[in-house]
S.K.: 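Pasting a structure here, questions to come.
Letters A, B, ... are given to chains in the order of the sequence lines, protein chains preceding strands, and every chain is numbered from 1. Keep in mind it's a predicted model, so treat the numbers as computed, not measured.
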There are 2 protein chains.
Amino acid sequence: MGLRETKMERTRRFIAESAFDLFVEQGYDATTIEQIAAAAEVGTRTLYRYYATKEALVVSFVENGLDAAMAAFLAQPDETPLSEALYAVVDSVEQTIGANSARLLALYDIFDKTTGLRAGLADLCWSWRQRLAEEILRRQGGTGDVLHAALTAASTMNVVEVVVQTWTANAGGVEVADIIRETLELLRTKAIPFPTPAGWRRRVSSARRAP
Amino acid sequence: MGLRETKMERTRRFIAESAFDLFVEQGYDATTIEQIAAAAEVGTRTLYRYYATKEALVVSFVENGLDAAMAAFLAQPDETPLSEALYAVVDSVEQTIGANSARLLALYDIFDKTTGLRAGLADLCWSWRQRLAEEILRRQGGTGDVLHAALTAASTMNVVEVVVQTWTANAGGVEVADIIRETLELLRTKAIPFPTPAGWRRRVSSARRAP
DNA sequence: GGTCATATGACAGTGACTGCCACATTTGCT
DNA sequence: AGCAAATGTGGCAGTCACTGTCATATGACC
């Protein structure tokens, strides 16, 4: 790697770091781009070449975590059952949280103190879910059902979101591993009720008793 | 209802209407707030009292649909099985789409032509999911599992999102009712694989074979 | 060491959004 | 009807995120 790229990587990190510190210290809204640029010792125009928006400065941290999770999923060989490959995602999230718990708590504190920041996070989850759906479909060799892939991706993402949310709601006082175990246990033992039109209930339940 | 409120309601509607027309005509980004205010015959300052942000002008349409869906859910008596009450949500969405299909297609066209608008939509879905989870929990008399309620809400929302997305992806060429039927059929017949650690596979599958 | 590519930063400008204040309209009371 | 309080309206000035442009500086390659 050339000197140039090394330097840029360092500035990139330094900018996010400075921004994060300022956000923690005086809040997201109260912090201007100019202040961040000054703290990071770059011009505002340069800052914008590294991070397209102010939001991106915060979201990038979560983005890194999700990228790691996606990588963990893609690293699974195609022979592994899908459910295990999906577990790699959850596992990666656990590791990420475990490795940066203090930082992440501060991060999520910024998130819910600032209405409007959540939108960026929600959007990130959304596009990530899209990508996961595509990967699941590709993994099944294109023979799979698009709808089914979308639902699978969405439901995995739900697990991640619920886990993270539960963890932050408890201010990190509960082990992530425990939350994950509990959530997956719940999914295994207690069916999630899905929408069912009134008329079909009898037919369905009798069909289920009939093999 | 007083004269004042009637008038305000009308302006509110007129503003959104004018904004929508302009967005369709010349694109979201290319339309300024001043133009919208001019078209709606109000001052910009007044416009902001009705819609807090430019984004809200677009999102409000979806918000109305989701509000109707929530109302449909809340209208279900507590005795109805949860799965049927959740169906009321899906059903409401179907009705909304059926009643405004042309308008909604134009709306979603704006959404995916404009990067950054999606965030508002994603956030709306997110907060709506939260509300649904709370209502599910309350419906079960507080005895229910928070995690389970969250997962149920999320998975219902997934159905809605997948249905709407499939419908817009087909540019309205497929009946919403068919998409819904197919999606629910899929959920009924084909289990969604959830994350499972590698070691547990045998134990689980053998447990399942042992009634 | 010279040259080319590319990163930087300053400047001016646009547009979303806000606080403030004077003005107009509705409402409620007599 | 008429007055007063409450509340909606709109203009103006100002802040701040963000962008296009261009001169300058700096690492990369020969």
Side-chain angles (χ1 to χ4, degrees), chain A residues 1-20 22-23 25-60 110-111 113-121 123, chain B residues 1-20 22-23 25-60 110-111 113-121 123:
Chain A
M1 183 190 286
L3 171 59
R4 200 167 203 145
E5 291 174 24
T6 312
K7 224 174 170 179
M8 284 181 70
E9 189 110 356
R10 193 171 42 204
T11 3
R12 182 181 175 78
R13 216 184 302 270
F14 190 50
I15 291 173
E17 215 66 37
S18 310
F20 186 80
L22 283 172
F23 291 157
E25 191 182 326
Q26 54 185 17
Y28 177 82
D29 285 330
T31 305
T32 69
I33 292 284
E34 268 187 59
Q35 289 176 347
I36 300 170
E41 294 160 3
V42 292
T44 64
R45 201 62 187 82
T46 304
L47 188 151
Y48 275 111
R49 288 209 187 81
Y50 284 93
Y51 296 93
T53 66
K54 189 179 177 185
E55 235 185 48
L57 283 164
V58 186
V59 173
S60 68
I110 298 174
F111 268 114
K113 261 188 202 152
T114 320
T115 36
L117 247 190
R118 254 201 352 238
L121 187 59
D123 185 49
Chain B
M1 182 188 288
L3 171 60
R4 200 166 203 144
E5 292 173 25
T6 312
K7 226 174 169 179
M8 284 182 69
E9 189 113 354
R10 194 171 42 204
T11 350
R12 183 181 174 79
R13 216 182 301 270
F14 191 51
I15 290 174
E17 215 66 37
S18 311
F20 185 81
L22 283 172
F23 290 157
E25 191 182 325
Q26 54 184 13
Y28 178 82
D29 286 329
T31 306
T32 69
I33 292 284
E34 269 187 55
Q35 289 176 348
I36 299 170
E41 294 159 5
V42 293
T44 63
R45 200 64 188 81
T46 304
L47 189 151
Y48 276 112
R49 287 209 188 80
Y50 285 92
Y51 296 93
T53 66
K54 188 179 176 184
E55 232 185 50
L57 282 164
V58 186
V59 173
S60 68
I110 298 173
F111 267 116
K113 261 188 201 154
T114 319
T115 38
L117 248 189
R118 251 200 355 236
L121 186 61
D123 185 48

S.K.: Measure across A/V59 and A/G120 and return the closest heavy-atom pair with its distance rounded to 0.1 Å.
M.R.: CG2-C, 4.2 Å

S.K.: Does A/Y50 reach the side chain of A/R13, with side-chain heavy atoms less than 4.5 Å apart?
M.R.: no

S.K.: Reckon B/K7 has a side-chain N or O less than 4.0 Å from the OP1 or OP2 of C/dT26?
M.R.: yes

S.K.: On a heavy-atom basis, which atom in A/L22 and which in A/A39 lie closest, and how many Å separate them?
M.R.: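 Shortest heavy-atom contact: CD1-CB, 4.0 Å.
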
S.K.: Do B/F20 and B/I110 have side chains that approach each other closer than 4.5 Å (heavy atoms only, starting at C-beta)?
M.R.: yes

S.K.: Between B/I33 and B/E5, which residue's closest nucleotide on DNA chain C lies nearer the 5′ terminus?
M.R.: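 Taking each residue's closest nucleotide, the earlier one in sequence belongs to B/I33.
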
S.K.: Under a 4.5 Å cut-off applied to non-hydrogen side-chain atoms, are B/K113 and B/F23 in contact?
M.R.: no

S.K.: OP1 or OP2 of C/dG19 versus the side-chain N and O atoms of B/Y48: is any pair under 4.0 Å?
M.R.: no

S.K.: Side chain of B/R49 only, heavy atoms from C-beta on: which candidate in C/dC21, C/dC17, C/dA7 is closest?
M.R.: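 Shortest atom-to-atom distance from the side chain points to C/dC21.
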
S.K.: Map B/L3 and B/T53 onto DNA chain C by nearest heavy atom, then report which one ends up closer to the 5' terminus.
M.R.: B/T53

S.K.: Can you list the steps and then say if A/E34 with A/T44 is a side-chain hydrogen bond (donor to acceptor under 3.5 Å, both in side chains)?
M.R.: CA-CA 6 Å; A/E34 268 187 59; A/T44 64; over 6 Å; no

S.K.: Looking at the side chain of A/T32, which of D/dC16, D/dA28, D/dA6 is the nearest nucleotide?
M.R.: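 Closest nucleotide among those given: D/dC16.
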
S.K.: Heavy atom of residues 35-47 of chain B under 4.0 Å from DNA chain D: which residues?
M.R.: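 Only B/V42, B/G43, B/R45, B/T46 qualify.
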
